[in-house]
There are 4 protein chains.
Amino acid sequence: MKTKDKIIHTSLKLFNERGERQITTNHIAAELGISPGNLYYHFSNKQEIIRSIFDLYVAQLESSFRPHADQRLSLEHLTQYLDASFELMWRFRFMYANLLELLARDAELEQKYQALQLELANWSRDILFQLRESRFLSGDDATMAELADSVKFIIGAWIGYQSAQLKGGEITKPRLYQGVLKILFTLRPYFTDESQNIYQDLHQHYVKCAERSE
Amino acid sequence: MKTKDKIIHTSLKLFNERGERQITTNHIAAELGISPGNLYYHFSNKQEIIRSIFDLYVAQLESSFRPHADQRLSLEHLTQYLDASFELMWRFRFMYANLLELLARDAELEQKYQALQLELANWSRDILFQLRESRFLSGDDATMAELADSVKFIIGAWIGYQSAQLKGGEITKPRLYQGVLKILFTLRPYFTDESQNIYQDLHQHYVKCAERSE
Amino acid sequence: MKTKDKIIHTSLKLFNERGERQITTNHIAAELGISPGNLYYHFSNKQEIIRSIFDLYVAQLESSFRPHADQRLSLEHLTQYLDASFELMWRFRFMYANLLELLARDAELEQKYQALQLELANWSRDILFQLRESRFLSGDDATMAELADSVKFIIGAWIGYQSAQLKGGEITKPRLYQGVLKILFTLRPYFTDESQNIYQDLHQHYVKCAERSE
Amino acid sequence: MKTKDKIIHTSLKLFNERGERQITTNHIAAELGISPGNLYYHFSNKQEIIRSIFDLYVAQLESSFRPHADQRLSLEHLTQYLDASFELMWRFRFMYANLLELLARDAELEQKYQALQLELANWSRDILFQLRESRFLSGDDATMAELADSVKFIIGAWIGYQSAQLKGGEITKPRLYQGVLKILFTLRPYFTDESQNIYQDLHQHYVKCAERSE
DNA sequence: AATGAATGAGGTTTCATTCAT
DNA sequence: CATGAATGAAACCTCATTCAT
């Protein structure tokens, strides 16, 4: 791994652990055992590191969520989506802890972020529509759209919400799975009669995940 | 209003407008037209101002949500609760937007916050149970409890989520009312048949609020 | 006791306990339960409090040391002098911890202090000469004068020296009596043959004092 | 000389000249023509500068006084010791003048200082015993030990005592040499008959030093 | 006598960033 | 690529002192 990548990953790690505000560029350099000058050789300022982390985030997001064209969704796909979502939120949790500040300081980042959100909104709507087509869910277009937004909201907000409830902000995997359960609970009234058993299976699966050594 | 209170309210205003991180103690003093020394006469450091704002928040929250014993809920009560949620989110939006950082930096605040959350969880469950008794909602105990948690989650997480979607990061009242709509949408499947018209009234009311000058 | 006197004595106490530098005028007022404004009603600045403490010191010093004219010194007188000296050093120990800074900041105080030192030098020389006349000690004038200066030096420096050796700077009475023993040791070679037993008595007396619960 | 060392030496100079309390970190930086940030690049706070000066002091003290095993002492050695004492007092006079405040503010420094004092006590006793073996001095073990303590006391306390006697608080070299003379005076009764001339030589030498431009 | 809010200069420290090597 | 000393603006905070009441 090149120094530039090491800087990105170490920064991400430190930001997640202690918050972007408390981590100075010197901290990052020290953690890596490089000089601050070297850090600034690779990045012209701290904001650029954050932008690179954001790019990483976008890349992972796109690879996980871009819907595969006209594909019938199976149960497996759904769990994949949910797992991938929370994986993502977990990996970039510092961003969600301070999104407002982060974006306020960097117009370029803000624009990128908001474009991404629009895309995401589309994808999640697409997924919900596919789930309806596959007769997992039922509901009119408006309801499905609103439901898609709810799911997107839960995914985006869960970690921040949970971290705040926990001493030291330390979140555990089981706590993450409770977020998946929250999504299931929100979808539940819209599950079709014929897919009730599928709902039960999913629910039981994630209850188990959420119970592990909590 | 005493200087001490002026400091609290001016700080809250500035924090909401421009973010806690960008507002220095000198900014606050300058905005008030007092000397920095005077500010430090009333508060021994910046963190203490934040704590006082938090106390204000707790006070408003308690006065809005502490359930009145064995009370039959009317439509008015429901709007009161929803409006109160909205008011809180709006008035203390910087806190919602920066919660994790604020708690990470101040163990005392974290403890207070988490104690408050436990209380809030009880209150919101009580309110949901009351709504069921008043035949607005229906569902078994577990469902009502989960629903209560969903509502609490939406209130607690809405600003962090929304503020990041907005150009310039500015949170507007209409966007907040969309949070109220999100709550309604989440409750919707559990509204009883006899209260469907009530749901409609509420929905229309808040749709209007959310549309204003958006 | 009037407020003015209370301020002086409380300041002396706090200065001794924690050092003049660390004690602000607000600390003094708080300890007394009065307002800072009131403190400044009685003293126009912090330095004036210090000057008043110094006046107290001078008064106690003069009452203890001004030699009684043409009086033959007995053993009792000597012990009285020594005991009084250390009592004094103990009571005003903060002054000795920072004499240089104290005087550097206040020309008036410096002048007073130096005048006092000259007087003291005379008194201690007078006492030594009287002791020689009383045949306790022997030695030529120059030796007696130098010896007087040594005694004065030990008295003035002992507490500061001892405090520095002890954890937390806390000095005990037994440690003070070791200072008296140091004076005796310095005088010892000049005790006359006929007063050797007197030396022994004194020595034993202060050894006992110095041993108590050390 | 590196910047770090320059900071130490400039601080020492300024502290000696005007007192540690009056010298701010900005003063030090300005005197050196560097930025305050640079000073804090080399030292994390003012106290650390003081600690480094203390380390310098310890180093010089050790190199001057650590006794050479089974060595016969000549007159030269004696003057070396006395001159070294004088040099130490002069070079680190601000420390001697402010010892109690310095130690009161810094527990780590206090511990180091007190450990050093124990070592010093041993060294000074060793030196005195060597002087007796070399027939400069005579006296039983207890007397030599007490004498060693007296010498240590004079070195440790002289500046605090003398600095306060002087107009303007300025410590001058001649005044310090009087401290050496005070040591000699204290040792005098214990010089052997055969080394009386050595005493005379030493005395005359330091009288001359003490008289220069007093 | 006494209050206590208010002042403001100035102290210590931080940190993103630069630049000669 | 890399170093690490250096910068300087600005943050937080202190405290002796003042003054209207």
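Per chain, numbering begins at 1; letters A, B, ... match sequence-line order.
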**Q** If I take atom CZ in residue A:R18 and atom P in nucleotide E:dC15, what distance separates them, rounded to the nearest angstrom?
**A**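 So the CZ-P distance, A:R18 to E:dC15, works out to 10 Å.
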**Q** Using the test ring-ring contact (aromatic ring centres under 6.0 Å, His included), find all partners of D:F54 that sit at least two apart in sequence or belong to another chain.
**A** D:Y57
**Q** Between the side chains of A:E101 and B:Q22, is a donor N or O closer than 3.5 angstrom to an acceptor N or O?
**A** yes
**Q** I need the CZ-C1' distance between B:R105 and E:dT14, as an integer number of Å.
**A** 15 Å
**Q** Can you list every pair that meets salt bridge (charged side-chain N to carboxylate O under 4.0 Å, His left out) and has a residue in residues 34-43 of chain A, with sequence neighbours left out?
**A**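 Residue pairs with at least one partner in residues 34-43 of chain A: there are none.
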**Q** Distance-only check: which donor-acceptor pairs under 3.5 Å involve side-chain atoms of residues 29-40 of chain A, not counting sequence neighbours?
**A**
unit_1, atom_1, unit_2, atom_2, d
A:E31, OE2, A:K13, NZ, 2.7
A:S35, OG, A:N38, N, 3.1
A:N38, OD1, A:H42, NE2, 3.4

**Q** Between atom CD in B:E48 and atom P in F:dC13, what is the gap in whole Å?
**A**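 For the pair B:E48 CD and F:dC13 P, the rounded distance is 10 Å.
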**Q** For B:L99, give me all partners under side-chain contact (heavy atoms from CB on, under 4.5 Å), at least two apart in sequence or on another chain.
**A**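 B:L99 satisfies side-chain contact (heavy atoms from CB on, under 4.5 Å) with A:A164, B:L103, B:Y113 only.
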**Q** Would you write out the dot-bracket form of DNA chain F, 5' to 3', with Watson-Crick and G-U pairs under 3.5 Å, [ ] for crossing pairs, | for pairs to other strands and . for unpaired bases?
**A** .||||||||||||||||||||
**Q** Test of understanding: with side-chain contact (heavy atoms from CB on, under 4.5 Å), list the residues that count as partners of A:T24, not counting sequence neighbours.
**A**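 A:T24 satisfies side-chain contact (heavy atoms from CB on, under 4.5 Å) with A:N26, A:H27 once adjacent residues are dropped.
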**Q** Can you measure D:K6 atom NZ to F:dA5 atom C1' for me and round it to whole angstrom units?
**A** 11 Å
**Q** If you look only at pairs with a residue in residues 35-47 of chain B, which of them pass as a salt bridge (charged side-chain N to carboxylate O under 4.0 Å, His left out), with sequence neighbours excluded?
**A**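 As it turns out, the salt bridge (charged side-chain N to carboxylate O under 4.0 Å, His left out) pairs with a partner in residues 35-47 of chain B, which skip direct neighbours, are B:E20-B:K46.
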**Q** Using ring-ring contact (aromatic ring centres under 6.0 Å, His included) as the criterion, list what pairs up with C:F43, not counting sequence neighbours.
**A**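 Listed in chain order: nothing, the list is empty.
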**Q** Quick one: what's the B/S/- string for nucleotides 6-13 of chain E, heavy-atom cutoff under 4.0 Å, read 5' to 3'?
**A** BBB--SBB
**Q** Nearest whole Å is fine: how far is E:dG4 C1' from B:K2 NZ?
**A** 11 Å
